[in-house]
Amino acid sequence: MASYDHKKIEKKWQKEWEKSEIYKTPDEQKSKDNFYALVEFPYPSGNLHTGHWYAFSVPDIFTRKKRMEGKNVLFPIGFDAFGLPAENAAIQRGLSPKKWTYENMDYMRKQIKSIGASFDWSREVITADPEYYKWTQWIFLKFFEKGLAYQAETPVNWCPKDKTVLANEQVVGGHCERCGTEVIQKNMKQWMLKITDYAEKLLEGLEKLNWKDEIKEAQRNWIGKSEGAEIEFEIKDNKSKIKIFTTRPDTLFGATYMVLAPEHPFIENHKSQVTNYKEVEKYINQAKKKTQLQRQKEEKEKTGIELKSIKAINPANNEEISVWVADYVFSGYGTGAIMAVPAHDERDFGFAKKFKLPVKHVIAWESGSKREREERRDGGCAVIFDHQKQKYAFGKTPEGILDLFGGGVGNEDLTRGIKREIEEESGLHDFVSEELLDEALVHYFNYKKKVPRLARATCLLLVLGSDKLGKIAQEDHEDYKILWLDPEEAISYWEERNKDSDYTHWIRFLKRGVNWLVMAGIDTTNKLYPEPTVHTGKGILVNSGKFDGMDSENAKWKIIKFVSGKKAIQYRLRDWVVSRQRYWGAPIPIIHCTKDGAAAAPEKDLPVLLPEIKDYKPYDDGKSPLAKAGKWLKVKCPKCGGEAERETDTLDTFVDSSWYFLRYCDPINKKEFASSAKMKTWMPVDLYSGGAEHTTMHLLYSRFWFKAMFDLGLIPKELGDEPYKERRNRGIILGPDGQKMSKSKGNVVDPDEYVAKFGADTVRMYLAFIGPYNEVGSYPWNPQAILGIRRFLDRVWKIASPRSSTLGVFEDSTPSVLPRGDSARLLNKTINKVGDDIEEFHFNTAISALMMLLNEMEKAGVSSENFSVFLKLLAPFAPHLAEELWSKLGNKNSIHFELWPEYNPKLIEETTFELIVQINGKVRDKFEVPADILEAEATHLTLEREKVKLALENKKPRRIIFIPKRLISLVL
RNA sequence: GGGUAGGUGGCGGAAUUGGAAUACGCGCUAGCCUUAGGAGCUAGUGCCGAAAGGCUUGAGGGUUCGAAUCCCUCCCUACCCACCA
């Protein structure tokens, strides 16, 4: 059987390529444009997994094609070599992290080479190399000088097991990403980068970038911009004020209390005025001790405590409101204090309900449509529930119309008025509890009086103690019958009626009421509706003094002005904590002096080398193990010359990887991190391919880093301040069982095993064939399907082999079989399709096109000339096999620098096509016609067809639609 | 709960963007060949039906001569975020 020896061939060409350095990329090449293709460099974990193969081998197809198109392609690789796992492994096995890491790199380098990717190894970058981290430190110092890097006491995520601070991104579900231990909050002095200063620039930059919208949107959400206002609340009998941030100034009249974050300085500053300070202090301490997980578990269950004897003044209506401390307000966002509007915010509502705080509705929503000359009416209605029956009470009019009980209210108290109306209509009066549910502005038409009206409708929620009827003060029109129904019955009735009149407010009132009762456990038979229990949307202002009747958007700005607040913008993005209390990282090049504070290490002393120590364990209090390096620690203060100590924290690895793509441009420069000239030849990165998991961390951090460098003048101006022109995220490969690969599940696929069995070309091509690459899908590894690719490559080998009956390309350099017209067309079409598909990263369909071409070649035969074209198309996918067959064809040069074949557009055009005949939308016939057939001719031919005549049954088509090169559609 | 991407045969997935749904591959079935293999070759393979024919792109409705593709309603899955005022 013609099965080729992949081991021999692949080894041979990998050696040959390395020897002849064909992938070594010069900075410039005559008459060739530069193209920078970047893949995320690996962490040297010790073994290359399927994910790495997917990350490296598939983009390699793209870069190979770019090269064949005549581009000078930079496709570099290196190692993100600092980081926790090295240290953990080292501590466990008593090795040095350096040794562990560098040995892993040696092994993985071999593995990566086995992929047959066209990486330029001469530009390899290793972040743990002093020649690299020297510049990491240098750039950090530039940031420090500019005030972009600073030290501050902040609550940080602390892993008690790893004894280190974790970035928010390293905390997964309240647990340490690495070891799974529950993460706690701890206050520590940390080095931070002011990424928040760049929040706006990072957002604006996205506008111009030609990235997929989903990636941009993910970054936007992460940055989390909110526009709103800062408003000050005065404290009664006190000169101080509390500033809050809100996105809904339009709800200010509904603010019935305030909440401060436990860390808010006001509390400490006013402890003497707080009569229950002891309890407050206790609450604050408890809140601080909570782990992230606890906070998440308790999510909806609010806790808090009132600052007794402290009252604030709502600046909108001068009402006195209480002040609370609760951990649902964060110190790190906004001003660490909020105004609480329980009627229009779910969190505030939950809190108000628990602590029985007042709820005041100030936003109503409109129902119905506005008419001319509306009469104003105020009134209300109620959702009435009998918990013994577990049913709701509705009124039925003599005309058979279903209503919520209620009616107009004059000058009397709203609640009392509504209840009076209800009693008059229904007789129900034994209400044991009542709640204010919602408000709506209802446009409706009163058919009796024949006038359009606008009613402000307040809805109450009433729970009955009993369904006893009182004396009904009957008025002539109020002869309702009580109906006890499930909410669904009423809702479907109203929805039906909605076709001619508008009852949306009742539907919403009822759903809100049901939700309220279900949550309170009073209604035990119904389920929650998806609608929010609280009206959080926009609407028309009510209960808001002179702003009544205005819409939210309008009122927002007017109210800010009214209370002398000011517009403010907040971001969810926090400053980036970059210090790690760990050994295996780049030392932060700072010197602490008791007199001068934190000072930059002198530039001439860079790199601040990582000292050799014996024990890599961090101190239990979180101090970095570098504090154990006695000699290294002690230095002279660069300012005063006195005794000083080095900073012992190291930099987060995200810092290392924030600029590695710049070093690739100029990897061995001793004087600069990279020269301007070389950055100009390569930057910005033309295409950055990586994992979706880095969208909001590495990708955002490195954009920030680049912008900051740009502003410092470290990046040539003409490059702009965005490092990546295009970014594409790939999907993930699952285990054969469709689950994420993991050792515990035992479904890990070892790529080396498959490379040994089938060869690198097969594995590469299988991964490219498995599904569309730049969609964030997930594809199970199918051990059977990979055989199909190997079969394909074997057939390629076979068709080229001298013994092949189809063709002996090696014995005869002249075409042995002339391709028929169809074959020539298919060949040209395939050139077109494969080229386009690779450009779009649709490798799966490109491969399918190659398979179809091979099928055709096997049937029809192929000239050696055309086979060479096929080989060129195959070369990016199966570089070893293509190179071998290319050389067997007698070529001395490498196929990988051949020009990408061009297709002949004329040959692609079809001279005929199959005309589809549709009759009433169904395919009834098809036949071959010339490609340029005109409508009249096509119609004529169609009507002559036997099948068509039969289907038409002597009827004449009412309409005929002819679509050139496709079909003709007859409508009877 | 929010954001994003999706839902097409037994499986991975195609479909020129509104024009023959299921390309290509895996798997499966039958046959051939043989140096008995995870080999090769040939034919078949969405579903129902003996056939004519009918049905089919998560479910239901709509627009259209024509819908996987566009519009409404609903259901489900994956990833990320999650008390951010």
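Throughout, a chain's letter reflects where its sequence line sits, starting with A, and its residues are numbered from 1.
- Using Watson-Crick or G-U wobble geometry with both donor-acceptor distances under 3.5 Å, C74(B) finds its partner in G58(B).
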Full working for side-chain contact (heavy atoms from CB on, under 4.5 Å) between Trp324(A) and Leu357(A): CA-CA 11 Å; Trp324(A) 293 69; Leu357(A) 294 161; 3.6 Å; yes
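- U17(B) is unpaired under the Watson-Crick or G-U wobble criterion, no partner having all donor-acceptor distances under 3.5 Å.
- The side chain of Tyr328(A) places no N or O atom within less than 4.0 Å of a non-bridging phosphate oxygen (OP1 or OP2) of A85(B).
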Should Glu40(A) and His694(A) be marked as a side-chain hydrogen bond (donor to acceptor under 3.5 Å, both in side chains) after you check the CA-CA gap, both sets of side-chain angles, and the distance that decides it? CA-CA 9 Å; Glu40(A) 287 160 359; His694(A) 286 129; 3.1 Å; yes
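- Using N1 to N3 plus N6-O4 or O6-N4 for Watson-Crick, or N1-O2 and O6-N3 for G-U wobble, each under 3.5 Å, G40(B) pairs with C32(B).
- Nucleic acid contact class of Arg790(A) (heavy atoms, under 4.0 Å, all strands): none.
- In this structure, G1(B) and C81(B) make a Watson-Crick or G-U wobble pair, each of the two defining distances being under 3.5 angstrom.
- For A50(B), there is no paired nucleotide, since no Watson-Crick or G-U wobble pair has both relevant distances below 3.5 Å.
- The base of U4(B) does not come close enough to the side chain of Arg220(A) for any donor and acceptor atom to sit less than 3.5 Å apart.
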Hey, mind stepping through Asn221(A) and Arg572(A) against side-chain hydrogen bond (donor to acceptor under 3.5 Å, both in side chains) and telling me if it holds? CA-CA 9 Å; Asn221(A) 288 342; Arg572(A) 297 172 74 117; over 6 Å; no
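- Rounded to whole Å, the C1' atom of C26(B) lies 11 Å from the corresponding atom of G13(B).
- If you check every strand for non-hydrogen atoms under 4.0 Å, Phe245(A) touches a base.
- Asn782(A) and Tyr766(A) share no side-chain donor-acceptor pair at under 3.5 Å.
- Distances shown here put a side-chain N or O of Arg791(A) below 4.0 Å from the OP1 or OP2 atom of G40(B).
- Across C83(B), A15(B), C81(B), the shortest atom-to-atom separation from the side chain of Thr845(A) is found for A15(B).
- Taking only side-chain nitrogens and oxygens, Asn920(A) never comes nearer than 4.0 Å to OP1 or OP2 of G66(B).
- Contacts of Thr695(A) with the nucleic acid, taken as non-hydrogen atoms under 4.0 Å apart, are absent.
- Comparing G40(B), A85(B), C65(B) by their nearest atom to the side chain of Ile338(A) picks out A85(B).
- Checking C41(B), C81(B), C65(B) against every side-chain atom of Arg959(A), the shortest atom distance belongs to C65(B).
- Ion pairing between a basic and an acidic side chain is recognised when a charged N comes within 4.0 Å of a carboxylate O; Arg248(A) and Asp250(A) show such pairing.
- Closest approach to the Glu214(A) side chain among U4(B), G54(B), C24(B) is made by U4(B) (side chain taken as heavy atoms from C-beta onward).
- Across the strands present, U63(B) finds no partner; the criterion is a Watson-Crick or G-U wobble pair with both atom distances under 3.5 angstrom.
- Between Lys922(A) and the phosphate of C55(B), there is a side-chain N or O to OP1/OP2 separation shorter than 4.0 Å.
- The Met851(A) side chain lies nearest to C24(B) when the options are G19(B), C24(B), A85(B).
- Nucleotides U34(B) and C41(B) place their C1' atoms 11 Å apart, quoted to the nearest Å.
- An OP1 or OP2 oxygen of C80(B) is reached within less than 4.0 angstrom by no side-chain nitrogen or oxygen of Asn729(A).
- Side-chain atoms of Glu914(A) and base atoms of A20(B) include a donor and an acceptor less than 3.5 Å apart.
- Looking at the side chain of Gln784(A), the nearest of the listed nucleotides G66(B), G38(B), C26(B) is C26(B).
- Side-chain proximity of Asp327(A) to C83(B), C65(B), U4(B): nearest is C83(B).
- Between Arg572(A) and Ile916(A), the one whose closest nucleotide on RNA chain B sits nearer the 5' end is Ile916(A).
- Taking 90° from 0 as the syn/anti boundary, the base of G9(B) is oriented syn.
- When the nucleotides C26(B), U16(B), A85(B) are ranked by their closest atom to the side chain of Tyr333(A), A85(B) comes out on top.
- Comparing A23(B), C26(B), G38(B) by their closest approach to the side chain of Leu787(A) singles out G38(B).
- Using modelled atom types, one finds a donor on one side chain and an acceptor on the other under 3.5 Å when comparing Thr303(A) with Tyr283(A).
- Because its glycosidic torsion is more than 90° from 0, U35(B) is reported here as anti.
- Listed candidates were G12(B), G13(B), G19(B). Nearest to the side chain of Phe769(A) is G12(B).
- The partner of U22(B) is absent, by the rule that a Watson-Crick or G-U pair needs both atom distances under 3.5 Å.
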Walk me through whether Tyr754(A) and Trp781(A) qualify under ring pair (Phe, Tyr, Trp, His ring centres under 6.0 Å). CA-CA 11 Å; Tyr754(A) 283 88; Trp781(A) 176 280; 4.9 Å; yes
